[in-house]
Amino acid sequence: MDLTNRRATAAHTAAKPTVPIPQAERLRALPKKELPRICQKPTITVRPGDLGKRDKFRQDRHYLHPSWHDAYRPERANIEGANGRLKSHGINIADPSKRLAHGRVAQTILLALMVCSANLQMLFSWDQTTGTAANGDLVDVITELTETAPAPITANGLSPPQPPPMVHTSA
């Protein structure tokens with residue numbers, strides 16, 4: 001966290017006020033009559049269609065059941081990890097000041113470029129930590145692109161002259 005950024009420091013969870021709960025109150029269960037009505041029953045049954053408009057949020061797998069873990073754990077971890085990187089301080093796609101263009105199309109294009117650069121950063125950091133490339137062909141393509149990159153532009157706005165290609169002849 002950047003401690004010189006007052007806004008980021010104030011938004012950090014450690015800066016939020018906390019309300020300490022006394023130990024005796026935390027360990028003492030509430031009397032049954034003080035609990036909400038839903039907490040007074042040992043079980044509840046929710047059938048398809050009982051939730052009305054919110055029925056689309058119903059899960060068919062039992063929460064934390066092995067089949068639920070098999071279905072949601074890997075994808076959820078990857079999605080949340082990617083979301084965390086995209087909304088981190090480096091790129092922060094949620095911050096409108098990072099993409100100042102006007103119009104929905106321009107915003108969409110800039111957002112796509114930001115996500116693309118985040119994906120490239122993730123691939124680069126993965127390559128640096130594991131020491132292996134995700135796909136050998138991709139590394140070759142990137143190497144070829146960097147070797148054929150245009151020359152840098154000089155102060156007058158023109159590329160410097162390219163030397164003639166070297167032709168080796170045997171005498």
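Throughout, numbering of the chain's residues begins at 1 and tracks the sequence.
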Once you round to the nearest 0.5 Å, how far does [atom1] of [X] lie from [atom2] of [Y]?
| X | Y | atom1 | atom2 | value |
| --- | --- | --- | --- | --- |
| Arg61 | His69 | CZ | NE2 | 12.5 Å |
| Ile91 | Leu113 | CD1 | CG | 11.0 Å |
| Asn83 | Ser88 | CG | OG | 11.0 Å |
| Ile93 | Ser117 | CD1 | OG | 10.0 Å |
| Asn119 | Met114 | CG | CE | 12.5 Å |
| Asp70 | His65 | CG | NE2 | 9.5 Å |

Report the residue from Gln121, Gln128, Met122 that forms a side-chain contact (heavy atoms from CB on, under 4.5 Å) with Phe124. Gln128
Would Ile109 and Val105 satisfy side chain to side chain contact (heavy atoms under 4.5 Å, CB included), going step by step from the backbone distance to the final call? CA-CA 6 Å; Ile109 291 171; Val105 174; 3.9 Å; yes
